[in-house]
Amino acid sequence: MSTNKEHQPFGSLSPAVMRASTVVFNSLEDFVQRKQRQPDGFSYGVTGTPTARLLEQRIAALEGGRHCVITPSGAAALMTTVMGFVRGGDHLLMSAACYGSLKTFGEKWLARMGVELELYQPSIGAEIESLIKSNTRMICMEAPGTVTMEMQDIPAIAKVAKQRGVLTMLDNTWASPLGFKPLEHGVDFSIEAATKFFSGHSDVLMGSISMNSHEHYDILRETQSILGQQVSPDDCFLVLRGMETLQLRVQAQSESTLKVARHLSQHPLVDRVLYPPLESDPGHAIWKRDFSTNGCLFSLILKPAPERAFHAFFDTLQHFVIGASWGGVHSLAAYYPAALQANRPFPATDQPVVRMSIGLENTELLLADLDQALVAYGKALTAN
Ligand SMILES: *Cc1c(COP(=O)(O)O)cnc(C)c1O
C-alpha cells in the first residue's frame, strides 16, 4: 500500500491516468536527442507514460529488483523476453511444463527462424548442465508448471546457468513475488502475468518483466517498443488499484486454497491433487524450501470416467464458474483434455486435468459445491 506522494500537488490518493501518443518537446535540440531519454524517459507513447512508469516501479520494488518493463499481457511478457535475447543459431532450453503459447511460439516461430528449441523435463534440477551447449542462450522455467504443477529447483538451475553464462527467466505467476522472489534466487528475469494476482478482478490483461541488470533493461525497453507492446494507462490504473489489495487477497486465497485442496485430496473420486503445498505432492520439499504462499491454483485428476462424467461435474457447479485464466476474486474451473497432456514431452499424466482457481468466496460454500459436483460425477461414472 502506498500514499501516492508521487502525485502531489493535487494530492489525490489515486494515481493519475496520463494518456499520450505524442510527447511534446521544448526545442529542436531536445527532439533530436530524444532517444537519449530511454530507457526510463518519455519520447513517444509506445514506451509508456508516467502512469506506466509508476506501475513498473511498484512491481520492481515488490520483486526486489531494480527495473521492470510492463507488456500488454502475460503472454507478451514471455515472448518479449525471449525476443529480446534469443537469435537464430542460439539454443533455447524450455521446461516442458511452460505456458502453452510460449511453447507454441518456440515450436512454430523460433524453430523456423533458426533457433534450436529443446524442451526439458521440469524436474531436471542441476542436471540441466548436461543439456547446456556452447550456443545455449536462455533457459525458460515455470514453477509450478502450467496445468500440471510440477515444481522446479529454480536456485539449482539458476546457479548452473550463471556459471555457464546462460540467461534464465522464470514465469512466477503462480506464486507472485509475495510467495517467491526469483531475482533473489539468481534468476535474471522474473515474469508475471499481471492479469492474474496483480490485477485480481478478471477484467484486464497485462504482463511484467522484472530484472536487476541495467543492460538487460535497456534491451527489453527497446524490444518492447520495437514490437509495439504499448500498455494502456487505463489498464495500468486498474492494475495499480488491484495491487493495493494484493497482499490481503493472496493471503486469504492462499489459506482457502489449501483447505479446498486438502479436502479434495481425501475424496474417494479424486485420484491425485496436483499441488505442491500438499505433503503428498512430488514437488512438496522444494516448494517448502523456496515458497512462502500456497497460491490459489491447483489441478485435479479424477478417477477415470467417461467424458459425460466431466460434463456432469462442471455443469453441477454453482459457485465456481467455468472459464480460463485465474487469480481473480471469483473461483473458476477449467478442463484440459487428456490428449493435451499425453502428447507433451515428459507428460505428467495421460488423464484429463481439472484446474481450479480459488477466489474470495466463503470456503465452506466452495467445499459444498465441489462435493455436489463430485456426487454428479460419481453418478455419471456408474450409470450406463
Ligand atoms: C495466464 C498465464 C500467462 C499468460 O498471461 P495472459 O495475460 O493471459 O497473456 C502466462 N503464464 C502463466 C503461468 C499464466 O497462468
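Both ligands and their constituent atoms are indexed starting at 1 by order of listing.
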Can you tell me which residue and heavy atom of the protein come closest to atom 7 (O) of ligand 1, and the distance to 0.1 Å? T195 OG1, 2.5 Å
Please state which part of T146 comes within less than 4.0 Å of ligand 1, counting heavy atoms only: side chain, backbone, both or neither. side chain
Can W174 be said to touch ligand 1, with heavy atoms closer than 4.0 Å? no
Could you check whether the rings of F291 and W174 sit parallel, tilted or perpendicular, using 30° and 60° as the cut-offs? tilted
Would you say that more than 12 heavy atoms from the other residues, nucleotides or ligands in this model lie under 6.0 Å from the CZ of R344, or not? yes
The test is side-chain contact (heavy atoms from CB on, under 4.5 Å); show your working for C236 and M206 and say whether it passes. CA-CA 8 Å; C236 292; M206 202 181 293; 4.3 Å; yes
Has E63 got a side-chain atom pairing as donor or acceptor with M211's backbone, closer than 3.5 angstrom? no
Using 4.0 Å as the upper bound for N to carboxylate O, is an ion pair formed by R37 and D30? yes
Just so I know, are the side chains of F320 and L370 near enough to count as touching, which here means a heavy-atom distance under 4.5 Å? yes
Sub-3.5 Å N/O-N/O distance, Y99 and ligand 1: no
re atom 11 (N) of ligand 1, the protein heavy-atom contact at minimum distance is D171 OD2, 2.6 Å
Taking R262 first and then E279, would you say they form a salt bridge - that is, a charged N and a carboxylate O separated by under 4.0 Å? yes
Among protein heavy atoms, which sits nearest to atom 9 (O) of ligand 1, and what does the distance come to when rounded to 0.1 Å? A75 N, 2.8 Å
N or O pair under 3.5 Å between A193 and ligand 1: no
Here the pair of heavy atoms bringing L274 nearest to V147 is CD1-O, 4.3 Å
Atom 6 (P) of ligand 1 - nearest protein heavy atom and its distance: G74 N, 3.4 Å
Sub-4.0 Å atoms of ligand 1 with respect to non-hydrogen atoms of E142: 13 (C)
Give the residue and atom name of whichever protein heavy atom lies nearest to atom 8 (O) of ligand 1, and the separation in Å to one decimal. L205 CD2, 3.6 Å
Note the single closest protein heavy atom to atom 2 (C) of ligand 1, along with its residue, its atom name and the distance in Å. K196 NZ, 2.4 Å
